[in-house]
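A short write-up of the structure that comes next.
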Amino acid sequence: MNIHAEDPIIEVHDLTVSYSQKPVLWGIDLSLPKGSLVGIVGPNGAGKSTLIKAIMDLVPLSSGYVKLFDTQLDNVREKISYVPQRESVDWDFPASVYDVVMMGRYGKLGLFKRPRQADREVVQESMRLVGMEAFKNRQISQLSGGQQQRVFLARALAQQAEVYFMDEPFAGVDAATEKAIVELLRRMSKEGKTVVVVHHDLQSVAKYFDWLILLNMRLVASGPTVDVFKEELLQEAYGGKLTILSEVGDLLTKGRFPSREKTV
Amino acid sequence: MEAIYIILAGSLVAVSCGLVGSYLILRKMAMVADAISHAVLPGIVIAFFISGSRDSLPMLLGAGALGIITTFLIEFFHKKGNLQTDASIGVTFTWLFALGVILISTFAGKVDLDQDCVLYGEIAYVPIDLWITDTGTIMGPRVLYISGSVLLVVIAFIFIGYKELFLTTFDPSYAAIIGINTTLWHYLLMGAVSLTTVASFESVGAILVVALLIAPPATAYLLTEDFKKMLIFTCIIGIIVSVLGYYLASYIDGSIAGAMSTVAGLIFLVVFLFSPTQGVVFRNRRSKLSMTLNEEPI
Ligand SMILES: Nc1ncnc2c1ncn2[C@@H]1O[C@H](COP(=O)(O)OP(=O)(O)OP(=O)(O)O)[C@@H](O)[C@H]1O
Ligand SMILES: [Mg+2]
């Protein structure tokens with residue numbers, strides 16, 4: 001199943017990505033609507049991180065192309081933000097929470113320029129949104145895993161972008177914080193920002209996202225959650241791992257999962 | 001006067017080396033310095049054959065060119081060959097150094113060239129190696145001008161590119177996404193490392209250069225968790241190394257470069273053991289303290 005967006009903000013055409021000749025993503029073709037909260041779901045090694053890296057031109061494409069805002073990435077970089085997987089950096093780096101969140105402003109500042117009052121205010125507000133303002137001067141090496149994740153989120157927010165890619169932003173984050181962040185992401189998507197999130201917890205997928213991408217090296221499905229969150233499609237994406245699936249199956253049959261429309 | 005010249009030269013070199021070394025350490029590329037110190041040898045030999053002289057300028061150019069080539073090769077093997085950075089560094093510099101050795105041994109009979117002449121400059125000669133203009137005016141030790149200029153270049157570079165260097169060192173993929181050219185900044189930094197290393201070799205000798213690139217920033221890293229403070233501490237430690245090293249050398253009447261390297265190592269050791277935040281001794285004592293606290297009945 002592959003439903004295309006009417007007025008897409010992100011388009012991926014026939015995308016193939018290989019690491020040292022070995023393809024890890026095959027012929028991906030999809031489009032995403034503006035202002036949607038998109039979940040990317042699939043088993044470990046499915047190529048979820050690779051897909052968002054390929055969209056942001058962090059890994060070379062073997063074939064295909066990507067369009068953002070109906071143009072090339074280089075023309076719209078200031079509108080794109082990224083929350084990498086937490087393990088992608090060395091947290092023993094000598095920097096404070098404030099330093100890292102301020103990095104979100106670097107793209108707008110350019111060479112020579114020092115942060116101005118307006119930048120400091122944006123940084124302050126971003127830290128507040130993720131509940132990290134009390135840790136402003138804390139060294140990043142002294143944060144818990146969940147706090148580090150929130151620092152990355154705040155840095156992305158400080159960028160004031162239009163499209164956000166987040167690679168497992170909820171990994172290691174406690175339930176209360178996760179709830180607060182999801183609320184925040186919803187508000188952003190209501191304001192017309194597009195948020196694409198790699199997510200692992202099938203239990204909350206239907207609750208959080210209004211658009212879903214199922215991935216397992218190939219595109220299994222892409223479309224509105226109500227159409228895509230179906231047992232046979234999940235079965236196809238997770239092929240074999242039946243234990244999780246039967247749990248989700250229970251969820252599906254009992255119709256227990258609240259749809260997003262009902263919660264907002 | 002002699003003491004001041006030597007200490008000043010040592011400090012200038014120590015501060016430039018420490019500043020670029022801070023970035024190398026945080027990028028986990030500390031061994032690049034060692035690699036460059038060896039890999040420049042063929043550059044020096046080739047420069048000698050081309051220019052036919054032992055003037056330092058052509059040799060510096062030859063060494064500088066090889067320094068840049070070294071960093072390119074390291075990056076190339078790492079990116080294209082999927083080799084770990086340390087393996088890539090190891091392969092590159094041993095091969096280039098061997099090439100230099102072969103060049104020298106093949107032509108050794110014909111030319112008066114050995115590694116000592118450029119590679120292993122001697123800081124003790126700083127006061128007698130004067131810059132004399134064509135009109136005969138004595139401008140003072142040549143090395144002070146060279147290392148002073150290098151320091152200015154390094155400071156200007158860090159001042160202009162502070163944000164870009166900071167971000168590309170911490171999180172290169174995020175830097176790339178917000179439109180910072182990470183490859184460009186990598187090579188600019190490696191260019192600064194090559195310039196600093198090669199110019200400093202000629203002034204104070206290779207071993208001292210490698211020591212000054214690594215030990216002061218490593219010490220500063222243990223003392224603070226703020227990057228700006230790390231840079232400042234590095235400079236201060238570099239100057240302390242230079243002063244104490246000089247007086248240690250005159251006290252024991254030994255090699256100045258050797259004494260400075262030793263002091264750099266000793267300061268690192270002392271900080272490693274006694275640093276209030278990271279020191280081994282305090283950490284142990286703290287954990288013992290918290291253990292005894294935990295054992296107390298509530
Ligand atoms: N730098 C790399 N070099 C070689 N192979 C890689 C590299 N990065 C990822 N891969 C391979 O590509 C495939 C997809 O990896 P990717 O990280 O995109 O998966 P993922 O869906 O994000 O998995 P996870 O849920 O574990 O985060 C995996 O098989 C992985 O082994
Ligand atoms: Mg991943």
Side-chain angles (χ1 to χ4, degrees), chain A residues 19-21 49 52-53 55-60 73-86 88-96 98-100 102-115 119 137-142 151-152 155-156 158-159 161 163-165 167, chain B residues 21-30 77-83 85 156-185 188 217-234 275 277-278:
Chain A
Y19 289 115
S20 29
Q21 320 292 344
S49 302
I52 58 175
K53 283 183 191 161
I55 294 175
M56 289 180 300
D57 200 23
L58 284 179
V59 293
L73 174 68
D74 277 328
N75 302 328
V76 288
R77 274 198 193 274
E78 71 277 17
K79 294 184 185 165
I80 313 290
S81 187
Y82 176 43
V83 178
Q85 269 182 299
R86 179 158 48 85
S88 64
V89 303
D90 175 9
W91 289 92
D92 278 332
F93 198 85
S96 67
Y98 178 85
D99 291 337
V100 174
M102 184 56 90
M103 289 172 184
R105 304 301 299 164
Y106 283 8
K108 294 207 166 53
L109 282 170
L111 274 181
F112 281 119
K113 303 247 178 58
R114 318 239 150 224
D119 297 304
N137 296 316
R138 182 75 73 88
Q139 295 308 313
I140 56 170
S141 56
Q142 296 165 11
V151 171
F152 264 180
R155 179 177 71 175
Q159 228 181 304
V163 174
Y164 293 80
F165 293 97
D167 203 341
Chain B
S22 300
Y23 289 96
L24 287 183
I25 291 199
L26 293 176
R27 288 172 177 241
K28 308 192 169 38
M29 296 193 79
F77 291 134
H78 173 54
K79 283 265 165 69
K80 299 281 182 243
N82 262 336
L83 214 56
T85 313
F157 175 57
I158 293 179
F159 191 75
I160 293 169
Y162 179 81
K163 294 197 305 295
E164 285 74 10
L165 286 169
F166 188 51
L167 180 51
T168 53
T169 302
F170 173 61
D171 191 350
S173 37
Y174 183 75
I177 281 156
I178 64 173
I180 295 173
N181 188 336
T182 49
T183 316
L184 173 72
W185 284 97
L188 284 176
T219 313
Y221 178 80
L222 293 181
L223 283 171
T224 176
E225 289 182 320
D226 179 299
F227 183 63
K228 280 192 181 127
K229 283 193 194 134
M230 179 174 158
L231 291 180
I232 294 166
F233 287 0
T234 301
S275 149
T277 52
Q278 316 250 348

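Values in this document were obtained by computation on a predicted structure and should not be read as measured data. Per chain, numbering begins at 1; letters A, B, ... match sequence-line order.
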Max heavy-atom pairs within cutoff under 4.5 Å with chain B, candidates A:Ile80, A:Ile140, A:Asp90, goes to A:Asp90
Counting only heavy atoms closer than 4.5 Å, note whether B:Asp171 contacts chain A via side chain, backbone, both or neither.
both
Minimum side-chain heavy-atom gap A:Tyr106-B:Ile178 below 4.5 Å
yes
Within the structure provided, determine whether B:Phe166 and A:Asp99 are in side-chain contact (heavy-atom separation under 4.5 Å).
yes
Side chain to side chain contact (heavy atoms under 4.5 Å, CB included), paired with A:Pro94, selected from B:Leu231, B:Thr224, B:Asp226, B:Leu26:
B:Leu26
Closest non-hydrogen atom pair between A:Asp92 and B:Tyr221, with its separation
O-OH, 3.0 Å
Is any side-chain heavy atom of A:Tyr19 less than 4.5 Å from a side-chain heavy atom of B:Asn82?
no
Does any heavy atom of chain A fall under 4.5 Å from the side chain of B:Lys28, the backbone, both, or neither of them?
side chain
Name the member of B:Gly161, B:Pro172, B:Ala176, B:Ala175 that forms the most heavy-atom pairs with chain A at distances under 4.5 Å.
B:Ala176
Top contributor to chain B interface from A:Lys53, A:Lys108, A:Arg114, A:Met102 [non-hydrogen pairs under 4.5 Å]:
A:Arg114
How close do A:Arg77 and B:Gly179 get, counting heavy atoms only, and between which atoms?
CD-CA, 3.4 Å
Scored by heavy-atom pairs under 4.5 Å with chain B, the best of A:Gln159, A:Glu78, A:Gln142 is A:Gln159
Could you tell me the separation between the OH atom of B:Tyr174 and the CE atom of A:Met103, rounded to the nearest 0.5 Å?
9.0 Å
Whatever's closer than 4.5 Å to a heavy atom in chain B on A:Val100 counts as side chain
Whether B:Lys163 side chain and A:Pro115 backbone form a donor-acceptor pair below 3.5 Å
no
Please round to the nearest 0.5 Å and tell me the distance separating atom OG of A:Ser96 and atom CZ of B:Phe227.
13.0 Å
